[in-house]
Q: 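Pasting a structure here, questions to come.
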Amino acid sequence: MSGSPTPGQRLRRAWEANVLAIPGVFCPLVAKMAERLGFPAVYLSGGGLSASLGLPDIGLITLTEVVHQAQAICQATALPLICDADTGFGSSVNVERTVRQLEAAGVAGLHLEDQELPKRCGHLSGKTLISAEEMAAKIQAAVAARRDPNLVIIARTDARGVQGLEEAIRRARLYKQAGADVIFPEALESAEEFAVFAREVGGPLLANMTEFGRSPLLERSRLAQWGYRLVLYPLTALRLALRAAEAALRHLLTADHQRELLPQMYTRAELYDLLDYKGYEERDRRYFGLGPGRE
Ligand SMILES: C[C@](O)(C(=O)O)[C@H](CC(=O)O)C(=O)O
Ligand SMILES: [Mg+2]
């Protein structure tokens with residue numbers, strides 16, 4: 001293999017150096033924005049992708065749709081991408097295919113969860129789990145399927161909301177033995193639970209700081225002290241963008257023009273800058289200038 005680090009290696013090096021704030025990006029353009037602002041990695045949220053397609057997060061989106069979006073994000077930025085792979089889209093052999101396709105799309109890591117289909121948002125009631133052994137088999141399949149040994153396999157357990165903290169800890173240990181690189185304890189309910197889980201399971205760990213869920217919105221510095229290296233904000237930008245879109249639409253419905261909205265808008269110049277419009281134009285001119293008979 002060549003000397004340049006793989007996406008998985010870059011993600012691992014980043015979390016070894018620092019606790020990572022990882023925003024969910026609901027489109028490749030927002031991924032570019034995160035890169036420009038200096039984030040170390042980005043996240044493709046299953047809940048966010050479902051919502052942007054007008055669907056609830058109950059396992060309706062397909063592997064093809066997730067791979068398509070992951071690939072578009074990986075092409076738009078050089079940042080390592082963590083992808084929500086839900087339940088892996090089936091059993092262990094489906095997990096193999098899911099991992100191969102997401103790795104080929106360019107992701108740095110992905111998470112698999114131990115829910116039964118139809119899955120739900122981890123912060124809602126009514127979830128059911130597959131057996132711990134079945135999930136361990138899925139993790140083994142994921143590890144065996146990756147081509148790059150540094151592709152990060154993250155095991156999420158939803159057990160806290162179904163069977164309690166003890167079972168979440170027991171499952172996390174099993175998933176680590178099965179080869180998971182990172183554990184993602186979903187929907188822990190207090191700061192103390194985050195601390196206890198970290199002490200009992202050990203790192204590296206991922207904390208999901210999604211809003212309006214079961215978990216308190218804890219400080220990254222505190223989570224880092226306990227051993228959490230990756231901190232997700234899966235829907236923060238989407239929730240704020242939705243509020244802004246709603247305000248714009250309400251205004252357009254009743255107002256005679258939109259002039260007073262201009263100061264709040266991302267301008268044409270800002271958008272073009274983010275898209276590197278100038279770079280495309282310059283290259284286009286250069287290629288044209290280099291064309292046959294034009295030297
Ligand atoms: C992290 C998550 O899996 C996602 O799809 O972004 C969701 C987030 C949410 O619905 O708040 C989850 O926690 O299940
Ligand atoms: Mg999800």
Side-chain angles (χ1 to χ4, degrees), residues 20-27 30-31 34 39 41-63 65-70 73 81-90 95 98 102 107-130 135 138 142 152-162 168 171-172 175 180 182-189 193-194 197 205-218 220 223 228 230-243:
L20 306 181
I22 308 179
V25 289
F26 51 87
C27 68
V30 176
F39 280 91
V42 286
Y43 177 62
L44 171 52
S45 153
L49 179 59
S50 303
S52 67
L53 293 168
L55 298 168
D57 185 17
I58 53 172
L60 295 173
I61 53 173
T62 64
L63 173 61
E65 287 168 317
V66 176
V67 167
H68 184 259
Q69 185 76 344
I73 292 171
L81 171 68
I82 297 178
C83 184
D84 183 350
D86 284 345
T87 60
F89 302 95
V95 167
T98 297
L102 286 174
V107 309
L110 57 99
H111 68 77
L112 294 163
E113 67 202 32
D114 55 6
Q115 285 196 56
E116 191 99 65
L117 275 170
K119 58 142 291 163
R120 322 199 69 195
C121 159
H123 291 257
L124 297 182
S125 332
K127 297 187 290 186
T128 46
L129 303 179
I130 59 173
M135 178 62 176
K138 284 190 178 189
V152 179
I153 305 296
I154 304 169
R156 160 171 152 177
T157 178
D158 281 65
R160 167 63 187 94
V162 185
R171 281 179 174 245
Y175 303 164
V182 174
I183 300 292
F184 169 173
E186 175 68 323
L188 300 186
E189 296 192 4
E193 287 193 4
F194 276 91
F197 188 92
L205 297 164
L206 178 150
N208 176 12
M209 290 292 104
T210 192
E211 301 87 6
F212 314 110
R214 299 245 161 113
S215 302
L217 302 179
L218 300 169
R220 270 201 303 286
L223 288 164
Y228 294 85
L230 305 106
V231 182
L232 282 191
Y233 303 92
L235 297 167
T236 311
L238 177 66
R239 294 190 213 280
L240 283 162
L242 284 174
R243 188 59 83 203

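Whatever order the structure lists them in is the order used to number ligands and atoms, beginning at 1.
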Q: Atoms of ligand 1 less than 4.0 Å from Cys121 heavy atoms?
A: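 Once the distances to Cys121 are compared, the set is 9 (C), 10 (O), 14 (O).
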Q: Please list, in number order, the atoms of ligand 1 under 4.0 Å from a heavy atom of Glu186.
A: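 Counting from 1, the qualifying ligand atoms are 12 (C), 13 (O), 14 (O).
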Q: Can an N or O of Gly47 be found at a distance shorter than 3.5 Å from an N or O of ligand 1?
A: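 Gly47 vs ligand 1: N/O contact under 3.5 Å present.
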Q: Do you know the tightest heavy-atom contact between Pro185 and Leu206?
A: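 Minimum heavy-atom contact is CD-O, 3.1 Å.
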Q: Show which atoms of ligand 1 fall inside a sub-4.0 Å distance from at least one heavy-atom site of Gly122.
A: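 Numbered from 1, ligand 1 contributes 12 (C), 14 (O).
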Q: Can you give me the closest heavy-atom contact between Leu117 and Gly59, atom names plus distance?
A: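 What the structure gives for the nearest pair is CD2-CA, 4.5 Å.
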Q: Can you check which of Thr210, Leu206, Ile61 brings a heavy atom nearest to atom 11 (O) of ligand 1?
A: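 Result: the heavy atom closest to atom 11 (O) of ligand 1 is in Thr210.
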Q: Between Tyr228 and Phe197, is any pair of side-chain heavy atoms under 4.5 Å apart?
A: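 Yes, at least one pair of side-chain atoms sits under 4.5 Å.
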Q: Which of the atoms in ligand 1, numbered in the order shown and given with their element, are less than 4.0 Å from a heavy-atom of Arg239?
A: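 Every atom of ligand 1 under 4.0 Å from some heavy atom of Arg239: 11 (O).
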Q: Out of Glu211, Arg156, Glu113, who gets a non-hydrogen atom closest to atom 3 (O) of ligand 1?
A: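 The residue whose heavy atom sits nearest atom 3 (O) of ligand 1 is Arg156.
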Q: State, to 0.1 Å, how close Ala51 and Leu238 come at their nearest heavy-atom pair, and which atoms those are.
A: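 That would be CB-CD2, 4.3 Å.
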Q: Short question: side chain of His123, backbone of Arg214 - any donor-acceptor pair under 3.5 Å?
A: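 Between the backbone of Arg214 and the side chain of His123 there is a qualifying donor-acceptor contact (under 3.5 Å).
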Q: So, the side chain of Lys127 versus the backbone of Arg120: is there a donor-acceptor pair under 3.5 Å, distance only?
A: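 Not a single qualifying donor-acceptor pair exists.
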Q: Would one find an N, O or S atom of Asp84, in either backbone or side chain, under 2.8 Å from the Mg ion (ligand 2)?
A: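 Given the 2.8 Å cut-off, Asp84 counts as a ligand of the Mg ion (ligand 2).
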Q: Specify the closest pair of heavy atoms between Ala70 and Leu102, including all atoms of both residues, with the distance to one decimal.
A: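 Shortest heavy-atom separation between Ala70 and Leu102 comes out as CB-CD2, 4.1 Å.
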Q: With respect to Pro234, determine whether any N or O atom, backbone or side chain, lies less than 3.5 Å from an N or O atom of ligand 1.
A: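 The answer is no, given that Pro234 and ligand 1 share no N or O pair closer than 3.5 Å.
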Q: With heavy-atom distances below 4.0 Å as the criterion, list the atoms of ligand 1 near His123.
A: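 Those qualifying, in numeric order: 13 (O).
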Q: Are any side-chain N or O atoms of Glu65 and backbone N or O atoms of Ile61, one a donor and one an acceptor, separated by less than 3.5 Å?
A: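 Looks like no, no N/O pair under 3.5 Å.
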Q: Which is it for Leu232 and ligand 1 at heavy atoms under 4.0 Å: side chain, backbone, both or neither?
A: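 None of Leu232 does.
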Q: Considering heavy atoms of the protein only, find what lies nearest to atom 7 (C) of ligand 1 and give residue, atom and distance to 0.1 Å.
A: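 Among all protein heavy atoms, the one nearest atom 7 (C) of ligand 1 is Asp57 OD2, 4.3 Å.
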Q: Under the side chain to side chain contact (heavy atoms under 4.5 Å, CB included) test against Asp158, which residue among Ile130, Thr128, Asp114 passes?
A: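 Output: one option passes, namely Asp114.
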Q: Write out the residue and atom name of the closest protein heavy atom to atom 4 (C) of ligand 1, then the distance separating them to 0.1 Å.
A: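 Ranking protein heavy atoms by distance from atom 4 (C) of ligand 1, first comes Ser45 OG, 3.3 Å.
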Q: Considering only heavy atoms, does Phe212 approach ligand 1 within less than 4.0 Å through its side chain, its backbone, both, or neither?
A: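 None of Phe212 does.
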